[in-house]
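Structure record follows, encoded as structure tokens.
Both backbone and side-chain heavy atoms feed into the values below; hydrogens, waters and symmetry mates do not. As the structure is a prediction and not an experimental result, all values here were calculated from the model. Here is how names work: the chains are called A, B, and so on, in the same order as the sequence lines, proteins then strands, and each is numbered from 1.
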Number of protein chains: 2
Amino acid sequence: MKDFLTLEKQLCFAIYQTSSEFTKLYTSVLQTFGLTYPQYLLLLALWEKDEVTVKELGQTLNLGTGTLTPMLTRMEANGWLRKERSKTDERNVLIFLQDKARKEKQAITNKIAEEILDCHIEIEEYIQLMRGLKGLQEKLKGRT
Amino acid sequence: MKDFLTLEKQLCFAIYQTSSEFTKLYTSVLQTFGLTYPQYLLLLALWEKDEVTVKELGQTLNLGTGTLTPMLTRMEANGWLRKERSKTDERNVLIFLQDKARKEKQAITNKIAEEILDCHIEIEEYIQLMRGLKGLQEKLKGRT
DNA sequence: TATTATTGTATCGTGTACGATTTAATCTTA
DNA sequence: TAAGATTAAATCGTACACGATACAATAATA
């Protein structure tokens, strides 16, 4: 049991700090484009599927409106996207990518890829890690 | 290259969301004790080594004073710890655990262990994952 | 159809995170 | 030892993150 707690403590720090390091790497690349890491994740989601409601986006990103609304407002102000209330159901707000987001996509992802490759991360290792993370996520979610 | 970007995207989300799920699990347990997850991590560090400077704590947790100072102020107000300016070098502020933190330690860690065990996480899997995270962390750090 | 329940966003309050600046204490070294 | 450099915290501004609440639009149903 003592060992278990030590292990648990180490996992806490490992996830917390890896996530933080990861964010920092991305931040350093993204600030050239005037983007934050969460904003980049939001763009990743929109590049995959455009013209979605705030709710849909929230489900994709695991975020509530308390986080999304102000974030979307900022990104709209910066010209990445456009918000428009749905005509058919005025409760919904639809998010549309702006030209800027479509045009810069390549430049952004290329730069990211370049930096990531610079870390010499082995693909196999990468996949292993992701599998582990997803496994843990499932178990964490299942509990709730 | 196309595949690489897809993979990279998946890792982004995997780390981001696992970290978020992890935080949520801990938050649900910790709120009973009036603690947040970052505050719990801070206590973990202090239980390991008490009577440290803000700077030391920052190195352990990978946090700057912009985050720590207000956090320590809140935790002092809640009776978890005490801040005291060092007599020998008045630039340093030393952090001391309060009785409350020592007394509640067992209750807190027991409750956490209980919840984690509830997730049926295999120890082997756990260790694998951590190894992967630490490996990634090293590579991310090395780049800077 | 008038009432009630539900749904989708927005808003608010609290608590991280982090870079940049400020301030006070200590250290260097000319 | 006095001027300048360095160091440790605090402070400030911006940006998440999240629970709780508010509010307007739509759906359900009596």
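- Contact annotation: B:S20 reaches the phosphate of D:dC18 (side-chain N/O to OP1 or OP2, under 4.0 Å).
- Atom CD of A:E76 sits about 7.5 Å away from atom CD1 of A:I95, to the nearest 0.5 Å.
- Between A:N92 and C:dT9 there is a side-chain N or O to OP1 or OP2 distance below 4.0 Å.
- Nucleic acid contact class of A:T27 (heavy atoms, under 4.0 Å, all strands): none.
- For A:R131, the side chain to side chain donor-acceptor pair (under 3.5 Å) criterion is met by no residue, not counting sequence neighbours.
- Put simply, B:L94 and B:W80 are part of two different groups of oily side chains (I, L, V, M, F, W, Y) that touch within less than 4.5 Å, one to the next.
- To the nearest angstrom, P of D:dC18 lies 7 Å from OH of B:Y16.
- If you measure from atom CZ of B:R74 to atom P of C:dT14, you get 11 Å, rounded to the nearest angstrom.
- Rounded to whole angstrom, the span from the CD1 atom of B:I95 across to the C1' atom of D:dA8 amounts to 12 Å.
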Give the intermediate values and the outcome of side chain to side chain contact (heavy atoms under 4.5 Å, CB included) for residues A:L46 and A:F96.
-> CA-CA 8 Å; A:L46 285 179; A:F96 297 84; over 6 Å; no
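- Under the side chain to side chain donor-acceptor pair (under 3.5 Å) criterion, B:E51 pairs with no residue at all, not counting sequence neighbours.
- Every residue two or more places apart in sequence or in another chain that forms a side chain to side chain contact (heavy atoms under 4.5 Å, CB included) with B:E124 is listed here: B:I127.
- Within 4.0 Å of B:T23, counting heavy atoms only, lies no atom of the nucleic acid at all.
- Among residues two or more places apart in sequence or in another chain, the side chain to side chain donor-acceptor pair (under 3.5 Å) test is passed with B:S86 by B:T88.
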Just the atom pairs and distances: protein N or O near nucleotides 10-12 of chain C's N or O, under 3.5 Å.
residue, atom, partner, partner atom, Å
C:dA10, OP2, A:T69, OG1, 3.0
C:dA10, N7, A:T65, OG1, 3.0

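- Scored by the side chain to side chain donor-acceptor pair (under 3.5 Å) test, B:R85 finds no partners at all (sequence neighbours excluded).
- Evaluation of the side chain to side chain contact (heavy atoms under 4.5 Å, CB included) rule for A:Q106 yields A:T109, A:N110 as partners, not counting sequence neighbours.
- Whole-Å rounding puts the B:E84 CD to D:dA10 P distance at 13 Å.
- Between A:N78 atom CG and D:dA15 atom C1' there is a gap of 12 Å when expressed in whole angstrom units.
- For B:K111, the salt bridge (charged side-chain N to carboxylate O under 4.0 Å, His left out) partners at least two apart in sequence or on another chain are B:E115.
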Between side-chain atoms of residues 29-43 of chain B and protein atoms elsewhere (two or more places apart, or another chain), which donor-acceptor pairs fall under 3.5 Å?
residue, atom, partner, partner atom, Å
B:T32, OG1, B:V29, O, 2.9
B:T36, OG1, B:Q39, N, 3.2
B:Q39, OE1, B:T36, N, 3.3

What protein N or O atoms touch nucleotides 21-28 of chain D N or O atoms at under 3.5 angstrom, if any, and at what distances?
residue, atom, partner, partner atom, Å
D:dT26, OP1, A:E90, N, 3.2

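- For DNA chain C, no neighbouring residue in residues 32-42 of chain A is found when judged by any heavy atom under 4.0 Å.
- Note on A:T53: only backbone sugar-phosphate atoms sit closer than 4.0 angstrom, heavy atoms only; bases stay farther off.
- Contacts between residues 55-63 of chain A and DNA chain D, counted as heavy-atom distances below 4.0 Å, involve A:N62, A:L63.
- Atom CD in A:E76 sits about 14 Å away from atom P in C:dT9, given to the nearest Å.
- We find the CG-OG1 distance between A:L57 and A:T67 to be 11.5 Å, quoted to the nearest 0.5 Å.
- Nucleotide C:dG15 holds its P atom 13 Å from the CD atom of B:Q31, rounded to whole Å.
- A 4.5 Å side-chain heavy-atom check between B:Y26 and B:I116 finds at least one atom pair inside the cut-off.
- Atom C1' of nucleotide D:dG19 and atom CG of B:L30 are separated by 16 Å, given to the nearest angstrom.
- A side-chain hydrogen bond (donor to acceptor under 3.5 Å, both in side chains) with A:K139 is found for one member of B:H120, B:E125, B:E21 and no other, namely B:E125.
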